[in-house]
K.L.:
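One structure coming up, written as structure tokens, with questions to follow.
What you see below is based on every heavy atom in this structure, not just the backbone, and it leaves out hydrogens, waters and symmetry mates.
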Amino acid sequence: MLASSRYVLPQEEIKPEALKLVNLISSLKDEGEGEAPFYSELLQLLEDDKVADAFSKIIEETDLILTKIKSERDLESIFNLEIAICIKSNLKQLVVRLANIISESQNGKASRKMKILNNIYSNLEVNDPLRYDIYFAIVKFSAKNDYMDIIVNHLVKLDLWLKNWGSSVEQKRELFLTLRNLLNESNHKMEAYECLFKYLLTFENADANTLNTSKDNAREAIKEAINNESIFNFEELFKLRSIQNLNSEPCFELAKIFLAGDIKEYDSFVSSHNNIINELSLNDEECRKKIRMLTLVTVVGQEIPGRVNYSVVQEALNVPEEEVELWILDVIRAGLIDAKMNQLDKTIIVNRATPRQFTENEWKKLDTRIDEWKKNLDDILNVIANAKLIAQSH
């Protein structure tokens, strides 16, 4: 989070400090000595030890404070005092109300309000469940004030935070889905997809009825994975129960093609499902580009290490001969294969290809490669041992 400050308040100073806030708000309301309804009411509540009632009314004056206090230092001090009194008086729910008012307020500078929200968050203990509510307010505020880059930096820690807060499955779903929508709106497409994936992950242990509530968002996940030019691996998505729950739908069949199929299967699917691409809000040209790239990965992946003729690629992709090298370059640039082109004999020299699925066959390949590495290492050790013996004999 941003830099923040804590305000330590002794118990015996709660009422005197609360009275300072009452005086401040009364003056901001331009109450005079003769008629001061706010001051009189709050003074009576404090004298009757009704601190909760008094502070409920103080918190509701947040917009007034944001509007009239111009000094950033004074503003932070006022709200730090409010936060400290609420926490010390065991009125922590009121700081949630404070955070929500600040996040929704149209008054005051955004940077100052962000700092106050962060101070509220930081003054709660690391494992306080109310941190969830404050963070949610920060997320919504960030979306409205162009601070989503800050939220993106938090995402790597979010799972740990949710664990610390003891957040429920329902809370996780609400936060992940809200993040997904707001990140999409701020053009953080990859992070939005990751939050949608985590949302769907919360349905892994759900009952059938609850699982069915995820269908719309599961369809969205398939569309976003296909549309996202950075996503080429569909294996983890396909393992999700919420995705498997769509197994009778055309979008599931299409996802299977991107998981392990090729351009010919894609063409066949599209021709047999009229208007399916438009119904799923997909771009046919972009879909064909991605599935051709994935088809190429499959073709060269069968020859590692080895060579693949251009003619094999041309046939698999169903493209003109002059386009073959362009497709190879696209796949190399995407990091899907490590290869070189030999333009003289029109072959691809393949060193590595990213598996589209880590199947039993991939495990066997890995096992074989490890055995080769072990043998090579043994050979190197033998050479070193023999060299030592020769050196010692001289």
K.L.:
When you measure from the side chain of E31 to the backbone N and O of Y39, does any donor-acceptor pair fall under 3.5 Å?
P.N.:
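At least one qualifying donor-acceptor pair exists.
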
K.L.:
Under 3.5 Å, is there a donor-acceptor pair linking the side chains of Y121 and D133?
P.N.:
no

K.L.:
Are more than 12 heavy atoms, taken from residues, nucleotides or ligands other than K109, located less than 6.0 Å from that residue's NZ atom?
P.N.:
no

K.L.:
Is the shortest side-chain heavy-atom distance between L179 and L158 below 4.5 Å?
P.N.:
yes

K.L.:
Rounded to the nearest 0.5 Å, what separation is found between the CD atom of E82 and the OG atom of S77?
P.N.:
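Here the interatomic distance stands at 11.5 Å.
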
K.L.:
Apply side-chain contact (heavy atoms from CB on, under 4.5 Å) to V152 and list each qualifying residue two or more places apart in sequence or on a separate chain.
P.N.:
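For V152 the side-chain contact (heavy atoms from CB on, under 4.5 Å) partners, ignoring immediate neighbours, are L183, H188, E191.
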
K.L.:
Show your working on side chain to side chain contact (heavy atoms under 4.5 Å, CB included) between K223 and E220 and close with a plain yes or no.
P.N.:
CA-CA 5 Å; K223 289 192 288 185; E220 287 297 311; 2.8 Å; yes

K.L.:
With a cut-off of 6.0 Å (strictly less than), are more than 12 heavy atoms of other residues, nucleotides or ligands near CD of Q106?
P.N.:
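Result for CD/Q106: open.
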
K.L.:
Take atom NZ in K346; do more than 12 heavy atoms of anything else shown fall under 6.0 Å from it?
P.N.:
no

K.L.:
Can you confirm if the NZ or CZ of K290 lies within 45° of the ring axis of F232 and under 6.0 Å from the centre of its six-membered ring?
P.N.:
yes

K.L.:
Linking I/L/V/M/F/W/Y whenever any side-chain heavy atoms sit under 4.5 Å apart, do L200 and M190 land together?
P.N.:
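Yes, it is one cluster - the side chains of L200 and M190 are joined through contacts under 4.5 Å.
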
K.L.:
So, do E60 and I101 sit near enough that their side-chain heavy atoms are less than 4.5 Å apart?
P.N.:
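Yes - at least one pair of side-chain heavy atoms lies under 4.5 Å apart.
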
K.L.:
Does I349 share a hydrophobic cluster with M341, counting links as ILVMFWY side-chain heavy atoms below 4.5 Å and allowing steps through other members?
P.N.:
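No, I349 does not connect to M341 through the hydrophobic network.
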
K.L.:
Hey, are the side chains of W327 and R292 touching, using non-hydrogen atoms and a 4.5 Å cut-off?
P.N.:
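With C-beta onward as the side chain, the pair touches.
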
K.L.:
For N278, look at atom CG and say whether over 12 heavy atoms of other residues, nucleotides or ligands are found less than 6.0 Å away.
P.N.:
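Yes, CG of N278 has more than 12 neighbouring heavy atoms, counting only those of other groups under 6.0 Å.
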
K.L.:
Using side-chain heavy atoms (C-beta onward) and a distance below 4.5 Å, is F79 in contact with N119?
P.N.:
no

K.L.:
Calculate, to the nearest 0.5 Å, the distance between atoms CD1 and CD1 belonging to I102 and I65 respectively.
P.N.:
9.0 Å

K.L.:
Got E76 and R112 here, is their nearest side-chain heavy-atom distance under 4.5 Å?
P.N.:
no

K.L.:
Using the side chain to side chain contact (heavy atoms under 4.5 Å, CB included) rule, pick out the option among L211, N212, N217 that qualifies with S214.
P.N.:
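So, applying the side chain to side chain contact (heavy atoms under 4.5 Å, CB included) to S214 and each of L211, N212, N217, only L211 qualifies.
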
K.L.:
Return all side-chain donor-acceptor pairs below 3.5 angstrom for residues 293-300, not counting sequence neighbours, or 'none' if the list is empty.
P.N.:
unit_1 : atom_1 : unit_2 : atom_2 : d
T295   : OG1    : I263   : N      : 3.1
T295   : OG1    : I291   : O      : 2.6
T298   : OG1    : L294   : O      : 3.2
T298   : OG1    : R356   : NH1    : 2.9

K.L.:
Would you find more than 12 non-hydrogen atoms of other residues, nucleotides or ligands less than 6.0 Å from D146 atom CG?
P.N.:
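Count not over threshold, so no.
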
K.L.:
Would you say that L246 contacts I222 through its side chain, given a criterion of any heavy-atom pair below 4.5 Å between the two side chains?
P.N.:
yes

K.L.:
Side-chain polar contacts of residues 306-316 - donor-acceptor pairs under 3.5 angstrom, sequence neighbours left out - could you list them?
P.N.:
unit_1 : atom_1 : unit_2 : atom_2 : d
R307   : NH1    : D345   : OD2    : 3.4
R307   : NH1    : T347   : OG1    : 3.2
Y310   : OH     : E325   : OE2    : 2.9

K.L.:
Look only at the side chain of K256 and the backbone of F238, and say whether a donor-acceptor pair between them is shorter than 3.5 Å.
P.N.:
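Such a contact is absent between K256 side chain and F238 backbone.
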
K.L.:
Report whether L64 and L117 are members of the same hydrophobic cluster (ILVMFWY, side-chain heavy atoms less than 4.5 Å apart, transitive linking).
P.N.:
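Yes; tracing contacts between hydrophobic side chains, which count when under 4.5 Å, links both residues.
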
K.L.:
Taking NZ in K144 as the centre, count heavy atoms belonging to other residues, nucleotides or ligands within less than 6.0 Å. Is the count above 12?
P.N.:
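Result for NZ/K144: enclosed.
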
K.L.:
Give the C-alpha distance, both sets of side-chain angles, the deciding distance and a yes or no for salt bridge (charged side-chain N to carboxylate O under 4.0 Å, His left out) between D267 and K264.
P.N.:
CA-CA 5 Å; D267 286 337; K264 293 176 182 176; over 6 Å; no

K.L.:
Are the side chains of Q171 and F136 in contact, using a 4.5 Å heavy-atom criterion?
P.N.:
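F136 does not reach Q171 side chain to side chain.
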
K.L.:
For a side chain to side chain contact (heavy atoms under 4.5 Å, CB included) check, start with the C-alpha distance between E279 and H273, then their side-chain angles and the critical distance, and finish with the verdict.
P.N.:
CA-CA 10 Å; E279 289 175 10; H273 293 79; over 6 Å; no

